[in-house]
Structures are given as C-alpha cells and as structure tokens.
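Only one structure is covered here, and it is reproduced in the block below.
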Protein chains: 2
Amino acid sequence: MDKQISQAVIRRLPRYYRYLGELLDDGVERISSNDLSKRMHVTASQIRQDLNNFGGFGQQGYGYNVAYLHEEIGNILGVNETHNVIVIGAGNLGQAIAGYVKFERVGFKIIGLFDTNPDLKDKMVRDLPIKMLDELPDFIKNNDVEIAALTLPKANAKSTALKLVSLGVHAIWNFAHVDLDDIPDVVIENVHLSDSLMQLSYNITQQKK
Amino acid sequence: MDKQISQAVIRRLPRYYRYLGELLDDGVERISSNDLSKRMHVTASQIRQDLNNFGGFGQQGYGYNVAYLHEEIGNILGVNETHNVIVIGAGNLGQAIAGYVKFERVGFKIIGLFDTNPDLKDKMVRDLPIKMLDELPDFIKNNDVEIAALTLPKANAKSTALKLVSLGVHAIWNFAHVDLDDIPDVVIENVHLSDSLMQLSYNITQQKK
DNA sequence: ATGACTTTGTCAACAAATTAACAATTTCGT
DNA sequence: ACGAAATTGTTAATTTGTTGACAAAGTCAT
C-alpha cells in the first residue's frame with residue numbers, strides 16, 4: 001500500500017539528518033523550509049516535497065521543530081536502533097571501516113572482523129580479534145548480525161556475499177569493485193571508491209576547459 | 001558550445017569502463033549495446049544514448065570494438081593520464097585510502113601523506129613518510145599536486161580545503177562528513193560513508209515490511 | 001554481388017524528478 | 001482579538017532523464 005519512495009529522496013535524507021543534528025547542537029529550536037534551503041543550497045520546495053513523503057512534520061506559519069524532525073528522520077533511516085555489523089576482509093580498508101563505524105556512527109556496532117589470511121588469526125585490531133572466515137557460520141548463529149561490510153578483493157566478493165546470504169545476513173555494504181546483482185533477498189549498498197575517483201577525474205578535466 | 005553532460009551520465013561511465021575492462025581481459029573483441037545491456041542490467045537504449053553524448057563509437061551491424069571503446073571512455077574519464085594525489089589526514093582511513101589508490105587505481109599516484117599530529121611526524125606508512133601540515137605549502141610548490149583526499153575530522157575540513165585551494169589544489173576527494181560548498185574554483189567529490197550506511201539502514205527497514 | 005540480418009545513432013514518446021504556485025492554516029505583534 | 005506576515009502541504013507546470021521505435025548503414029553467409 002505504501003507508495004515506493006524513490007532512492008533519489010532516500011539519498012537526501014542523511015543530509016537533512018546531518019543539518020538538523022547541527023542545528024540541534026547549536027540550540028536552534030525551529031526552522032522553516034526556506035531557511036533550511038538556504039543553508040543546504042537546495043530549493044525549499046524540494047525539502048517540503050521530500051519530507052511530505054513520510055508525513056506532515058511541520059506546521060503552517062511556524063515551520064519545523066528541529067528536535068522533532070531530527071528524531072523522525074532518524075526513525076525513518078533506522079539509526080535510532082542498533083545494527084550489528086561485521087567486516088569481512090581485515091586489510092587496511094577493512095580495519096579503517098571497522099574503526100570508522102565504531103567511532104563515528106552511533107546506531108551501528110562492529111561486532112566481528114574476519115579474514116582468510118591465517119597469519120592474521122587472532123591478531124587484535126583495537127579491541128577486536130581477527131577471526132578466520134570458517135568461523136563465520138558459528139559466529140552468525142550465535143550473534144545477531146544484520147550488516148556485513150565487504151572489504152575484500154573482488155575475486156572473492158560474490159562468493160562471500162552468497163555465503164553470507166545463505167547464513168542469514170541480508171544486508172551488504174559492498175566496498176569491493178564488483179556488482180553483486182543476481183543475489184536474491186539481500187539489500188546491497190555499494191561504495192565504489194574507484195568510480196568516485198574517476199568521476200572526480202572527469203570533472204577536473206571538464207573544469208579545465 | 002559543448003552541451004553540458006548530466007552527472008547521471010557521468011556516474012555511469014566508470015561502470016561501463018569496468019565492464020569493458022573485464023571484457024577486454026576476457027579477450028572479447030566486439031560487443032553490441034544489446035549484449036552489454038544484458039550483462040549490466042541496463043537498457044541497450046541507455047547505453048547507446050549515454051555513449052552518444054561523447055561521439056559515435058560504434059558501427060551499425062557490428063557493435064562496439066571493446067578495446068577502442070574502453071580506451072575512449074578512459075580518455076573521457078581522464079584515467080589515461082597520471083594524476084598526483086596527496087592525502088590529508090593520516091588516520092586509519094587516510095592510510096587505507098592511500099594504500100587503496102596506490103594498489104588499485106592506475107592513473108592516480110599517491111605522492112604525499114599529511115597530518116597535524118606531531119607524534120606521527122616522519123613515521124613511514126609503507127614507503128611514504130607522514131609529513132606535517134605546515135610542510136604543505138612547500139610541498140605543493142615543488143610537486144604537481146592535482147587532487148587532495150581529505151580524510152580528517154570534519155571540524156578541520158573546511159579550513160583545510162580553503163587552504164588547499166589557495167595553494168593551487170583545485171580538486172578535493174572529500175571523506176569528511178561535511179559539505180564543502182561555497183568554495184570557488186574547486187571540484188569536489190564527496191564520499192560520505194555515514195550517508196551510505198544510513199541509506200543501507202533505510203533499505204533494510206523497508207525490506208522487512 | 002546479393003539480400004537477409006544486425007546494430008547503431010537519433011528522434012519521439014514516456015516517465016520521473018524538480019520547481020513553482022497558491023490555498024489553507026498558524027503565528028505574532030499590536 | 002485582529003490582521004498582516006509566515007509557512008506548510010499539495011497540486012500543477014516544467015524540466016530532466018529514460019525507454020521505445022525505426023531509418024540508415026554496415027555485416028556476413030552464400
């Protein structure tokens with residue numbers, strides 16, 4: 001029944017959430033779509049349109065209550081509940097992502113770090129021991145793992161993703177430079193650093209003209 | 001005179017480039033928009049439309065020559081020339097990004113790694129010494145720095161970006177969780193890991209319904 | 001060499017996303 | 001308590017992006 005909301009809108013929600021968090025920290029109580037639009041460099045119309053996909057959070061003549069709207073967008077995004085995360089691939093990027101989520105993102109909790117390299121077995125990365133991939137089935141059985149971050153070479157990404165899904169992990173944060181389509185019953189979010197860098201490269205070339 | 005090409009198209013180019021690279025590795029000589037569309041799960045029409053923004057790379061009745069098209073898209077993206085990159089912020093993420101670009105991305109060369117923490121001064125990260133931020137002006141003067149990756153706390157991101165631009169670096173790969181708008185004469189490419197994770201979180205919540 | 005087949009490049013139709021406009025409602029100073 | 005000002009939610013208009021259709025051009029087997 002709920003109409004499907006476009007990913008274009010979803011992509012903008014975290015940004016709203018961030019600006020509202022900053023306003024909250026600054027002790028701002030209320031804000032109008034117009035004021036927010038000026039800060040964020042988007043149209044006020046878009047803000048109102050976006051928010052109204054989820055309900056009427058504002059009030060005519062008054063605007064939006066910052067704390068309330070922040071809370072509501074947090075609920076929509078699901079960041080007010082805890083999500084357990086494991087990281088597959090304990091290379092530099094894996095360790096960095098593990099640390100990043102741990103220290104920067106409330107709502108997400110790193111509970112495991114895995115690799116295939118036996119030299120890394122039980123090595124501590126801050127307070128987490130690196131486990132071997134064959135410990136994964138037991139680990140998932142005994143822990144409520146919701147998200148797996150894939151920070152491993154692309155050759156292993158697809159098979160690992162399939163294994164994760166069969167073990168019951170249905171959300172993948174994919175840093176491997178490969179598309180994980182054709183996998184049913186899983187939500188994929190890609191972070192393709194190479195693509196991002198190439199986009200930057202294109203825009204540099206353009207600017208020079 | 002050149003019509004402006006939409007970022008929607010640009011965002012897709014790296015993916016074409018990747019698929020073509022794989023075809024090339026597999027020794028495939030030619031491919032039609034139809035075959036490629038099946039592999040990539042996009043419409044053939046979109047592929048043809050996208051490519052034609054940049055010129056007619058194909059041939060009726062034959063399709064596209066894989067090597068040629070790969071090369072051409074590489075040129076468009078600017079990955080066939082070398083771009084020197086420095087990384088500002090030598091924390092976990094900074095070190096991981098430095099390593100990532102170094103080992104995974106031809107066309108981009110990491111030539112410097114900077115931080116403000118004096119404890120890190122001259123510490124080696126693989127073959128690069130961590131330099132202090134006050135060495136930046138001299139470094140940029142003596143090296144052709146095209147891109148700066150910003151992997152530092154958001155509190156310092158804006159001022160650092162301004163400094164970089166004033167020193168002549170006009171492209172920023174921004175990993176700090178802050179918007180660097182209002183800065184003139186600079187191309188920004190954002191990698192907001194938090195936003196990506198929240199988007200994933202939203203889509204998980206949706207799937208559960 | 002011929003003709004059936006393939007496939008592009010491009011125009012037109014369609015769909016989606018963004019922006020503008022404005023009635024309805026609330027605020028707020030007097 | 002009143003009226004001007006502010007501001008939302010929502011509909012309509014506009015713009016942008018995607019897909020479909022097909023003439024034109026080239027391929028390839030015979």
Side-chain angles (χ1 to χ4, degrees), chain A residues 2-16 19-20 23 28-73 76 181 199 202-203 206, chain B residues 2-16 19-20 23 28-73 76 181 199 202-203 206:
Chain A
D2 291 356
K3 67 176 171 308
Q4 186 65 30
I5 288 153
S6 81
Q7 288 294 309
V9 174
I10 306 308
R11 258 195 307 276
R12 287 192 289 266
L13 289 183
R15 188 151 178 267
Y16 294 137
Y19 273 82
L20 288 164
L23 287 167
V28 177
E29 244 180 50
R30 57 184 266 195
I31 191 144
S32 68
S33 58
N34 204 250
D35 286 353
L36 189 56
S37 81
K38 276 174 199 142
R39 283 171 186 262
M40 296 186 65
H41 300 115
V42 298
T43 62
S45 190
Q46 179 164 78
I47 292 174
R48 294 203 298 277
Q49 192 83 258
D50 281 352
L51 296 180
N52 261 87
N53 282 297
F54 303 98
F57 300 125
Q59 192 163 44
Q60 282 122 322
Y62 176 87
Y64 298 87
N65 178 284
V66 172
Y68 173 65
L69 186 56
H70 182 260
E71 173 80 10
E72 286 296 319
I73 296 182
I76 292 162
D181 32 28
Q199 223 181 305
Y202 173 85
N203 286 319
Q206 280 318 97
Chain B
D2 291 355
K3 67 176 170 310
Q4 186 66 29
I5 288 154
S6 81
Q7 287 294 309
V9 174
I10 306 308
R11 258 195 306 276
R12 288 192 288 266
L13 288 183
R15 189 152 178 267
Y16 294 136
Y19 273 83
L20 289 164
L23 287 168
V28 177
E29 245 181 48
R30 56 184 266 196
I31 191 149
S32 68
S33 58
N34 204 249
D35 286 353
L36 190 56
S37 80
K38 277 175 199 142
R39 285 172 184 262
M40 296 185 65
H41 300 116
V42 298
T43 64
S45 190
Q46 180 165 75
I47 293 174
R48 294 204 297 277
Q49 192 84 257
D50 282 351
L51 297 180
N52 259 87
N53 282 298
F54 304 99
F57 300 124
Q59 192 163 46
Q60 282 120 323
Y62 175 89
Y64 298 89
N65 179 283
V66 172
Y68 173 65
L69 186 56
H70 182 259
E71 173 82 10
E72 285 296 319
I73 295 182
I76 292 163
D181 33 29
Q199 220 181 307
Y202 173 85
N203 285 319
Q206 279 318 97

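The sequence lines fix the lettering, A, B, ..., with proteins before strands; numbering per chain opens at 1.
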Output the rounded distance in Å from CD1 (Ile5(A)) to P (dT18(C)).
14 Å
Would you mind classifying the nucleic acid contact of Ser45(B) as base, sugar-phosphate or nothing, using non-hydrogen atoms under 4.0 angstrom?
base
Which of the following nucleotides, dA25(D), dT18(C), dT18(D), is nearest to the side chain of Gln60(B)?
dA25(D)
Is a side-chain donor-acceptor pair under 3.5 Å present for Gln7(B) with Asn203(A)?
yes
Check the distance between dT7(D)'s P and Asp35(A)'s CG and give it to me in whole angstrom.
7 Å
Rounded distance in Å - CD1 (Ile47(B)) to P (dT8(C)):
9 Å
Taking Asn53(A) for its side chain and Asp50(A) for its backbone only, find out whether a donor-acceptor pair lies under 3.5 Å.
yes
Does dT7(D) have OP1 or OP2 under 4.0 Å away from a side-chain N or O of Asn34(A)?
no
Of all the choices, dG9(C), dA17(C), dT18(D), which nucleotide is nearest to the side chain of Arg12(B) once you look at every atom?
dT18(D)
The reported gap from CG in Leu20(B) to CD in Glu72(B) (rounded to nearest 0.5 angstrom) is 11.5 Å
Min side-chain heavy-atom separation Leu69(B)-Tyr16(B) under 4.5 Å:
no
Working to the nearest 0.5 Å, report the span between CD1 of Ile31(B) and CG of Leu23(B).
4.5 Å
Look at the side-chain N and O atoms of Ser33(A) and state whether any lies under 4.0 Å from the OP1 or OP2 oxygen of dT8(D).
yes
Considering only dT19(D), dT18(C), dT26(C), which nucleotide approaches the side chain of Gln59(A) most closely?
dT26(C)
Spacing between Leu69(B) atom CG and dT7(C) atom P, to the nearest angstrom:
15 Å
Tabulated below should be each protein N or O lying under 3.5 Å from an N or O of nucleotides 28-30 of chain C; please produce it.
{"unit_1": "dC28(C)", "atom_1": "OP1", "unit_2": "Arg30(A)", "atom_2": "NH1", "d": "2.5"}

Quick check: closest heavy atoms across Arg48(A) and Ser33(A), and the distance to 0.1 Å?
NH1-OG, 3.0 Å
Can you find a side chain N or O atom of Tyr64(B) that sits less than 4.0 Å from OP1 or OP2 on dG26(D)?
no
Whole Å only: how far is the CZ atom of Arg48(B) from the C1' atom of dG20(D)?
10 Å
Checking the side chain of Arg12(B) only, and the main-chain atoms of Gln46(B) only, is there a donor and an acceptor separated by less than 3.5 Å?
no
Heavy atoms under 4.0 Å, any strand shown: does Thr43(A) hit a base, just sugar-phosphate, or nothing?
sugar-phosphate
Can you measure Gln4(B) atom CD to dT15(D) atom P for me and round it to whole angstrom units?
18 Å
Using atom CZ of Phe57(B) as one end and atom C1' of dT10(C) as the other, report the distance to the nearest whole Å.
16 Å
Can you tell me how far C1' of dT8(C) sits from CD of Gln46(B), to the nearest Å?
16 Å
Closest-nucleotide mapping onto DNA chain D: is Gln49(A) or Gly63(A) further toward the 5' terminus? I mean the 5' end.
Gly63(A)
